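Working notes for the structure below.
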Amino acid sequence: MFVLLNLKAYDCDPVAIAETTREVSEDSGVRIAVAPQSARLEAVAETGVETWAQHVAPVDHGSHTGSALADSAAAAGASGTLLNHSEKRRRLADIDGGLEAAERAGIVTVVCANNREQCKAVAAFGPDGIAIEPPALIGGQQSVSTADPDVVTEAVEAVGEIDDSIPVLCGAGISTGEDVESARDLGASGVLLASGVAKAEEPESVLRDLVAPVA
Ligand code: G3P
């Protein structure tokens, strides 16, 4: 199972979380990556944790003020990027362009989707992964794997109809090892989470609980 920790814009110490995440990943053997704010990518990558961008723009080098360039994320140490997160929703053409930019930069991709139809649409672009995340459950107390298990199984089936080599992650409300185990049992290859760790008093204990059932 792949655990992708999205720090969003939460008020947390990304370097401290990254150091803890690297230790938990090394101890457990579970692949865990951290996606900090773009300005902190290099500091997070220097901890040795697998580091991802939260978004990259569908552009190449040029006059694109304020754009998050995939090449810059890669140069800062990112090995992957999220695209089309429900809090950074993109048009279809921009998802395609973001995937092309990531490919040029040599970083892998997980594209977020709300439902099975969106999963099928983005699967056609051939991302390295797809994350199903019902927006209504994001940041909540109930995990998608318990509150809406069908959306996970339907997403796995939908992506499989297009390309069964694309792993499907699930996210929203994931915060315990039980949630991760349920996600795996529903056919997910990983989880996407944020507040369960970024807002935790003790991120290390949450992370160790998260990965225990799949270590
Ligand atoms: O990117 C993952 C995120 O959208 C899930 O948020 O706080 O429900 O884990 P959260």
Side-chain angles (χ1 to χ4, degrees), residues 1-14 17-18 20-21 24 30-38 40-41 44 49-56 68 73 78-90 95 98 102 107-115 118-119 122 127-149 151-152 155 167-184 186 188-211 213-214:
M1 288 287 276
F2 176 30
V3 177
L4 182 45
L5 173 56
N6 174 11
L7 299 182
K8 299 192 178 180
Y10 283 124
D11 183 10
C12 62
D13 180 343
I17 288 178
T20 297
T21 301
V24 174
V30 176
R31 181 188 175 199
I32 315 175
V34 176
Q37 286 282 299
S38 55
R40 308 305 305 276
L41 277 170
V44 165
V49 75
E50 181 176 345
T51 303
W52 280 48
Q54 294 179 10
H55 165 73
V56 294
S79 57
T81 187
L82 283 169
L83 282 171
N84 194 48
H85 188 278
S86 63
E87 296 152 6
K88 190 82 174 175
R89 193 60 77 211
R90 300 292 94 177
I95 295 170
I107 62 178
V108 294
T109 55
V110 164
V111 178
C112 297
N114 285 358
N115 54 45
Q118 290 183 20
C119 285
V122 297
D128 297 293
I130 292 174
I132 179 73
E133 276 207 321
L137 295 174
I138 290 176
Q141 298 305 310
Q142 262 206 313
S143 77
V144 61
S145 47
T146 50
D148 192 355
V151 79
V152 180
V168 176
L169 291 74
C170 65
I174 301 279
S175 64
T176 67
E178 190 179 330
D179 296 336
V180 176
E181 194 171 25
S182 300
R184 181 194 58 188
L186 292 167
S189 303
V191 294
L192 187 50
L193 73 150
S195 57
V197 175
K199 297 170 75 175
E201 287 293 317
E202 295 185 11
E204 180 174 354
S205 62
V206 173
L207 280 166
R208 291 193 183 279
D209 174 63
L210 272 170
V211 301
V214 294

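Start at 1 and go down the list; that is how both ligands and their atoms are numbered. Residue numbers run from 1 in the order of the sequence given. Quick caveat, the model's predicted, so the values are computed rather than measured.
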**Q.** Polar side-chain atom of Glu133 near backbone of Ala113 as donor-acceptor pair, under 3.5 Å
**A.** no

Q) In chain order, what residues pass the salt bridge (charged side-chain N to carboxylate O under 4.0 Å, His left out) check against Glu181, with sequence neighbours excluded? A) Arg184

Q: For Asn6 and Ala194, indicate whether the former's side chain and the latter's backbone hold a donor-acceptor pair under 3.5 Å.
A: no

For residues 137-146, tabulate all N or O donor-acceptor pairs below 3.5 Å that involve a side-chain atom, not counting sequence neighbours.
from: Ser143; atom 1: OG; to: Ser145; atom 2: N; distance (Å): 3.4
from: Ser143; atom 1: OG; to: Ser145; atom 2: OG; distance (Å): 3.0
from: Ser143; atom 1: OG; to: Thr146; atom 2: N; distance (Å): 3.3
from: Ser143; atom 1: OG; to: Thr146; atom 2: OG1; distance (Å): 2.9
from: Ser143; atom 1: OG; to: Asp179; atom 2: OD1; distance (Å): 3.1
from: Ser145; atom 1: OG; to: Asp179; atom 2: O; distance (Å): 3.1
from: Thr146; atom 1: OG1; to: Ser143; atom 2: O; distance (Å): 3.0

Q. Applying the side chain to side chain contact (heavy atoms under 4.5 Å, CB included) test to Leu210, which of Ile174, Val24, Thr176, Ile32 qualifies?
A. Ile174

Q: Quick one, list the residues around ligand 1 where some non-hydrogen atom comes in under 4.0 Å, by chain and residue number.
A: Asn6, Lys8, His85, Glu133, Ile138, Gly139, Ala172, Gly173, Leu192, Leu193, Ala194, Ser195

Q: Apply side chain to side chain donor-acceptor pair (under 3.5 Å) to Thr109 and list each qualifying residue two or more places apart in sequence or on a separate chain.
A: Asp128

